[in-house]
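Taking it in order: structure first as C-alpha cells, then the write-up.
Just so it is clear: chains get the letters A, B, ... in the order the sequence lines come, proteins before strands, and each one is counted from 1.
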Amino acid sequence: MTRIATWNVNSVKARLANVTGWIAETRPEIVLLQEIKCETDAFPRAAFEELGYHAAVVGQKSYNGVALLSTLPVSDVLDRLPGEPEDPQARYVEATVGGLRVASLYLPNGNPVGTEKYPYKLRWMDRLHERARALLAEEVPFVLGGDYNVIPAPEDVYDPVGWTEDALFRLDTRRQFRKLLNLGLTEAFRALHPQERHAYTFWDYQAGAWPRDNGLRIDHFLLSPGAADRLVSCTIDRGPRGREKASDHTPVIVELADPVS
DNA sequence: ATGGTTGTTGGACAA
C-alpha cells in the first residue's frame, strides 16, 4: 500500500512543529506540501530527513512554494508547469517515486476576479490540462495532488450562493476543472464519497469559519486511470486544523494498493 | 456592508 498526503501548510517554517508532528504520527510514504513560503535553500530539509524523507523542493521568497517528500528516492524532478516559461511563481513540482509520477501543485487563487489574477488562473488550468494530456500519453500511472483553489460543486462549499462570483467557484473555473476530469482523470474523494457533505479541507482564519464549519473543499487528488484502478481510500484528516498554530488547510490522504505484477 | 485573521516582513500584499 502507498499512502500519499497533500497539505497546504501556509508557511513550512511557521508550521514546522505541526507538520513534522503530523507526518511522524501518520507516516505517509509521500507528502505533498504547498505554500511553503520560503526559498528552496531555506527549506527545513534536515527536519524531514530525520524522519526518513527525501525532498524535492521548488521554493520562492515570501509566497507560494511547493515540495514533495518521499520515503522512497525521488527522480526526474520537473520544477515548473510547462507552457509559460517566464512564469516566476513556484507552484508545481513533479517527480517519479516508485513506479508513479506524482505532482504537488498550488493552483492560483485567482481573486479578485477582474484583475490579471483571474486570467492567470485560467491559463494555469490550461497548462495543467496540457500537462495531464502529455502524462496520459506516456501511459505511466500518475497522481496530481494539491491545493487546486477550485470548489468543484455546490456541496463543496458552506454557502454556494454567496460564493457564486468568487474565483474558486465561478462557472469558468468549474468548467475548466471538469475539462481536466473529462480527460479521464478520477477525483479521488468524490469518486469514493459521492454523497458526503461538509467534507471540507479549508476554513478561513476569519469570522469563526472553523468553529462554524464554514469550509471549502479545494484540496484534491486527480488520478490517472492506472492509479485510479488502485485507489483504496481517500480521507480528510480534520485533526491538524483544530490544533494550535494551525494552517487554514487540513491534510487529505489517498491510499493506493500495490500494483499487480 | 464591514471586518473579521495569519504570514511574510517591516508597509502592503496575498489568501
Side-chain angles (χ1 to χ4, degrees), chain A residues 6-22 32-45 47 57-67 81 84 87-93 104-125 128 145-152 156-170 172-174 176-177 200-220 236 238-252:
Chain A
T6 184
W7 193 5
N8 177 324
V9 294
N10 185 19
S11 171
V12 72
K13 286 194 263 184
R15 212 76 59 211
L16 190 57
N18 301 44
V19 176
T20 55
W22 183 81
L32 311 177
L33 303 177
Q34 300 87 37
E35 278 208 271
I36 60 173
K37 289 187 171 178
C38 66
E39 292 180 290
T40 303
D41 291 342
F43 187 80
R45 198 173 279 276
V57 181
V58 179
Q60 178 183 336
K61 190 179 171 67
S62 307
Y63 306 116
N64 309 317
V66 288
L81 187 58
E84 221 173 293
D87 187 354
Q89 302 193 30
R91 294 180 174 276
Y92 192 84
V93 62
S104 174
L105 65 92
Y106 178 42
L107 206 146
N109 177 296
N111 282 305
V113 173
T115 68
E116 181 47 39
K117 289 168 184 289
Y118 192 61
Y120 172 65
K121 176 178 194 153
L122 295 181
R123 286 203 309 281
W124 209 94
M125 295 182 83
L128 185 60
D147 177 359
Y148 280 74
N149 271 314
V150 173
I151 301 162
D156 298 314
V157 49
Y158 67 96
D159 173 21
V161 172
W163 282 73
T164 306
E165 282 308 314
D166 192 276
L168 279 62
F169 192 53
R170 294 197 84 204
D172 283 339
T173 305
R174 285 189 267 164
Q176 282 272 67
F177 188 73
Y200 304 133
T201 65
F202 164 91
W203 297 259
D204 202 287
Y205 288 124
Q206 304 181 71
W210 168 248
R212 295 165 193 249
D213 196 26
N214 287 344
L216 315 174
R217 195 173 72 88
I218 56 176
D219 299 270
H220 309 298
I236 299 165
R238 287 186 175 232
R241 185 61 181 84
R243 308 237 169 92
E244 283 299 305
K245 294 264 299 172
S247 170
D248 40 7
H249 295 250
T250 215
V252 185

Geometric cation-pi criterion, A:R241 with A:Y200: 6.0 Å, 45°: no

A:S62 vs A:K117, nearer the 5' end of DNA chain B by closest nucleotide: A:S62

d(CD, A:E244; P, B:dT5) in whole Å: 15 Å

Side-chain N or O of A:K13 closer than 4.0 Å to phosphate OP1/OP2 of B:dT8: no

A:K37 vs B:dT6: side-chain N/O to OP1/OP2 distance below 4.0 Å: no

Selection from B:dG7, B:dT8, B:dA15 that lies nearest to any side-chain heavy atom of A:E35: B:dA15

Note, A:L168 side chain near A:N111 side chain (heavy atom, < 4.5 Å): yes

Rounded distance in Å - CG (A:N149) to C1' (B:dA15): 8 Å

Check: A:E35 and A:S247 side chains under 4.5 Å, non-hydrogen atoms: no

Rounded interatomic separation in angstrom, taking CG from A:L168 and C1' from B:dA14: 13 Å

Nearest-Å distance for atom pair OH/P, residues A:Y63 and B:dA12: 12 Å

Beyond-backbone contact of A:W203 with A:R238, side-chain heavy atoms, under 4.5 angstrom: yes

Contacts of type salt bridge (charged side-chain N to carboxylate O under 4.0 Å, His left out), residue A:R174, not counting sequence neighbours: none

Pairwise C1' distance, B:dT6 and B:dG10 [rounded to whole Å]: 16 Å

Separation of the C1' atoms in B:dA1 and B:dA14, to the nearest angstrom: 22 Å

Spacing between A:N111 atom CG and B:dC13 atom C1', to the nearest angstrom: 14 Å

Sugar-phosphate, base or nothing in reach of A:F202, heavy atoms under 4.0 Å: nothing

Atom of A:S104, atom of A:Q34 and distance for their closest heavy-atom approach: OG-NE2, 3.2 Å

Interatomic distance where CD belongs to A:Q60 and P belongs to B:dC13 [whole Å]: 17 Å

Protein-nucleotide distance (A:I36, atom CD1; B:dG7, atom P), rounded to Å: 16 Å

Nearest-nucleotide pick for A:R15, side chain only, options being B:dA15, B:dT8, B:dT6: B:dT6

Which residues share a salt bridge (charged side-chain N to carboxylate O under 4.0 Å, His left out) with A:D87, sequence neighbours left out: A:R127

A:E39 CD to B:dG7 P, straight-line distance once rounded to whole Å: 19 Å

Residues within residues 205-219 of chain A bordering DNA chain B, heavy-atom distance below 4.0 Å: A:Y205, A:Q206, A:A207

